[in-house]
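In what follows, a structure is listed as structure tokens, so that the remarks can point back to it.
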Amino acid sequence: MKRILFLLAFTTLFCKVNAQESQIQIETQNTALILKAAKNGILYQSYLGTKLKDNLAYNTLSKENTKSFVINDGNPLVNLRHQTYPTYGTENLFESAIRMTHNDGNPSLELNYVSHRTDKIDANTTETIIKLKDPVYPVEVTLHYKAFYNENIIEQWTEIVHHEKKPVMLYNYASSMLHFDADHYWLTQFHGDWAKEVRMQESELTSGTKVIDSKLGVRTDMYQTPVFFLSLNEKANETSGELIAGTIAWSGNFKFAFELDNKNSLRISSGINPFASEYSLESGKAFTTPSFIYTFSNKGKGQASRNLHTWARKYGVKDGEKPRLTLLNNWETTFFNFDEKKLTDMFADSKTLGVDMFLLDDGWFGNKYPRSGDKSGLGDWQATKTKLPNGLGFLMQEAEKTGVKFGIWIEPEMVNPKSELYEKHPDWVLKLPNRPESYYRTQLVLDLCNPQVQDFVFKTVDDIMQTNSGVAFFKWDCNRMMTNAYSTYLKNQQSHLFIEYTKGLYKVLDRIKTKYPNLPMMLCAGGGGRTDYGFLKYFTEFWASDNTDPFNRVFIQWGYSQFFPAFAICNHVTSWGNQSIKFKTDVAMMGKLGFDINIKELKEKELKYCQDAVANYKRLSPVIWHGDMYRIVSPYDESRAVLMYVNEAKSKAVLFSYTLHPLYDPQYNLVRFQGLDPNKTYKVDEINLMPEAKKTLEESGESFTGDYLMNVGLRVSSSKVESSVVLEITEV
């Protein structure tokens, strides 16, 4: 009886609090998200689109007949029909953001608005915090919206807490749900596999639910990259159209669901994939979802990308405003077959080439089971004495004497069964009881749910960093996904595995970042199997693909450029492909440049070209890394690709043009430049030429107004098979 009286009193008080409607405005420089707490206590999304000049206009969205309210510059949304965070079990007929079962077996949830506040974090950033509660059960949900004003980015996540006596079971726990009303919806997704990552595919959404997700546990981006564009009414292009660009900051299984209902309204839910991940939440403990990061653009995909790039430099990627290291990797020169002499000779090659660092790849570790291939040694992170009798410390010293930095490859989340680690700790791996072990690349996944395993992985990095002066760089690899996965540590909570593994890995990375805050690390996963902003707050860059054929890389790098800045995308010049060294290098310069070739096999002119290209790259890297990117001609549309970077002052720009398997004597149109100041005058120089080669741009060395270059343009593309042109554009 006391409990019933308490609930009645609570409900009465709750209704009084919500007697008045409350409007919540979340705004950036050009975008507004408007939420409305209605008299019935439910929180609705009433608007998402271009920021309106008159705030009174938002009130118009609250009236009954908002379908007649037309917004010329934004996306009109129907009023008070779209619940901001819809629940399961009562009257909702469509996708729910949250679903749970209470202690008494009741599978329903209602969430009513309680309060909200907006905190000013700094001059550019605000966080809006909205409290919701169930009027009957002691369940609280807090919605967080962080708005980055200048970058026009909103970061959204959810916190779930309850105070029931026993754990409740969570079945759905979305980071966000966004609503749209348009005539048509066009989804651009990015899919692939090993060596063919981020292939763009655009299609119109039809009634029902379209799902993009991952169930791989680790290396989760192997088939689907956790990013998308959603265009409203018609297909957006680079320079026009309304769209939302979204991505999830989570490194485990993810899910995007696009549900088109009977009234042609679209709801997009995002977050951790709840597949096989029912979560038993203890009383008083918070379940915090990862952030969904999105931007609205009414100026096409190019502006959405630039919004994300600018945000990533400042907030999304570790050390995003600091320089990156150019490097020479030994992998394609030596593979597993090397010794101290081969490596120290390559230190000198790095110096000759002009790069900053030498990177030692796979094959340097293991003694009882030396790493002579990919079938042994993984997990035994001690230098192989037969290869490196003087250990890593000697290599660090020799690199320093040569004047280059020293970096190293590790794969600390994995283990070969043929290893000392596996012999000592067979209980540390993920494997099903009573079934055969499941191998991929002859290895197993360590159980990072287990704090002891977390300590081991951290110690792997820490021990290397405690050797002499430590290394300057880690390449952190992950070459398999989860199969036959079972955690001995989790016991009867196996449905927590996918989530707790990811959280355990984050704990390790937090420890590394805390102890070594300035340590650069490359994120790798058998190529581009891990590319997300959950990881990138710990990593300075990521390896885009094991496919380094420059023809293929143009498409791969084009795809990643939609959501990630150039400095975060690692591109290496390798032996893949039969194109010229110039073409390979020009393609790699589109992002973060590296080399993985045998320098001694280069011809004299090729070496001279590479040295000059490295010098040009170092001089122009501030523009490439931190300038605004403009994708001008897509390789999906023509047999060429053209893009350019422009610095903030619009005083310097770099243009890349790549010709890809053209038809005989293609008649390419003039390329109209973008992003320049029409009132400034620019000198255009063709650079990155082979020694004694003639320039392909007839106007090289001449000056033009920005207005001319952007409205008339130049014939920048060569008609030669797989050729490239690099232009340096300088204000005069």
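Computation of the quantities below employed the complete heavy-atom set of this structure, encompassing side-chain atoms and omitting hydrogens, waters and symmetry-equivalent molecules.
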Would T128 and I24 count as a side chain to side chain contact (heavy atoms under 4.5 Å, CB included) here? Give the steps.
CA-CA 9 Å; T128 299; I24 305 167; 3.8 Å; yes

List the steps and the verdict of ring-ring contact (aromatic ring centres under 6.0 Å, His included) for F563 and Y533.
CA-CA 10 Å; F563 287 83; Y533 282 114; 8.6 Å; no

Residues R511, V508; criterion side chain to side chain contact (heavy atoms under 4.5 Å, CB included); working and verdict:
CA-CA 5 Å; R511 290 171 68 182; V508 174; 5.7 Å; no

Might you work through the side chain to side chain contact (heavy atoms under 4.5 Å, CB included) test for Y506 and Y538, ending with a clear yes or no?
CA-CA 9 Å; Y506 285 163; Y538 304 108; 3.7 Å; yes

Should R81 and D181 be marked as a salt bridge (charged side-chain N to carboxylate O under 4.0 Å, His left out) after you check the CA-CA gap, both sets of side-chain angles, and the distance that decides it?
CA-CA 11 Å; R81 196 162 61 85; D181 285 284; 3.2 Å; yes

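Residue pairs satisfying the ring pair (Phe, Tyr, Trp, His ring centres under 6.0 Å) criterion with at least one member in residues 256-277, sequence neighbours excluded, are listed as follows: F228-F256, F228-F258, F254-F256.
Proximity of the aromatic rings of F148 and Y315 is defined here by a centroid distance below 6.0 angstrom, and this criterion is met. Taking the six-membered ring for Trp and the full ring otherwise, Y44 and H82 have centroids separated by 6.0 Å or more. The aromatic ring centroids of Y560 and F542 lie less than 6.0 Å from each other. Taking the six-membered ring for Trp, F292 and Y294 have ring centres closer than 6.0 Å. The distance between the ring centers of Y279 and Y173 does not fall below 6.0 angstrom.
For the pair K51 (side chain) and T28 (backbone), a donor-acceptor distance under 3.5 Å is present. At distances below 3.5 Å, not a single donor-acceptor pair connects side-chain atoms of Q224 with backbone N or O atoms of D221. Here the side chain of N152 pairs a donor or acceptor atom with the backbone of N30 at under 3.5 angstrom. With hydrogens and angles disregarded, no donor-acceptor distance shorter than 3.5 Å links the side chain of W311 to the backbone of K314. Of the possible donor and acceptor atoms, none in the side chain of E242 sits under 3.5 Å from a partner among the backbone N and O of L232. Under a 3.5 Å cut-off, the side chain of D134 and the backbone N or O of P138 do not form any donor-acceptor pair. At least one donor-acceptor pair closer than 3.5 Å links the side chain of T87 to the backbone N or O of L109. Without hydrogens or angle criteria, S291 side chain to I293 main chain gives no donor-acceptor distance under 3.5 Å. At least one donor-acceptor pair under 3.5 Å links the side chain of S175 to the backbone N or O of P290. One N or O on the side chain of Y47 and one on the backbone of T50 form a donor-acceptor pair closer than 3.5 Å.
Y501 and E413 are linked by a side-chain donor-acceptor pair at a separation below 3.5 angstrom, with hydrogens and angles left out of the test. E204 and H184 share a donor-acceptor pair across their side chains, judged by distance under 3.5 Å alone. One side chain, N106 or Y137, offers a donor N or O that lies under 3.5 Å from an acceptor on the other. Checked by atom type, the side-chain pair S108/T90 shows no donor-acceptor distance below 3.5 Å.
Atom-to-atom distance recorded for K431:NZ and M482:CE is 15.5 Å, nearest 0.5 angstrom. With rounding to the nearest 0.5 Å, the separation of CG in N264 from CZ in F180 is 13.5 Å. Atom NZ of K215 is separated from atom NZ of K255 by 8.0 Å, given to the nearest 0.5 angstrom. The NE2 atom of H496 lies 14.5 Å from the NZ atom of K491; values are rounded to the nearest 0.5 Å. Distance check: L205 CG to L266 CG gives 6.0 Å after rounding to the nearest 0.5 Å. Once rounded to the nearest 0.5 Å, the distance linking OG1 of T289 with CD of Q156 reads 8.5 Å.
The side chain to side chain contact (heavy atoms under 4.5 Å, CB included) with L243 is formed by just one residue from the set K299, K235, K301; it is K301. Considering L497, L444, N484 as possible partners of L430, the one that fulfils the side chain to side chain contact (heavy atoms under 4.5 Å, CB included) test is L497. Among K210, M200, E202, the single residue meeting the side chain to side chain contact (heavy atoms under 4.5 Å, CB included) criterion with Q189 is K210. Residue E151 is tested with T125, N124, T295 for a side chain to side chain donor-acceptor pair (under 3.5 Å); the sole match is N124.
For K120, the NZ atom counts as densely surrounded, since its 6.0 Å shell holds more than 12 non-hydrogen atoms of other residues, nucleotides or ligands. Applying the 6.0 Å contact sphere to CD of Q29 captures more than 12 heavy atoms from other residues, nucleotides or ligands.
With contacts defined as side-chain heavy-atom distances shorter than 4.5 Å, the pair M177/E95 qualifies. When side chains are defined from C-beta on, R267 counts as touching D261, because their heavy atoms get closer than 4.5 Å.
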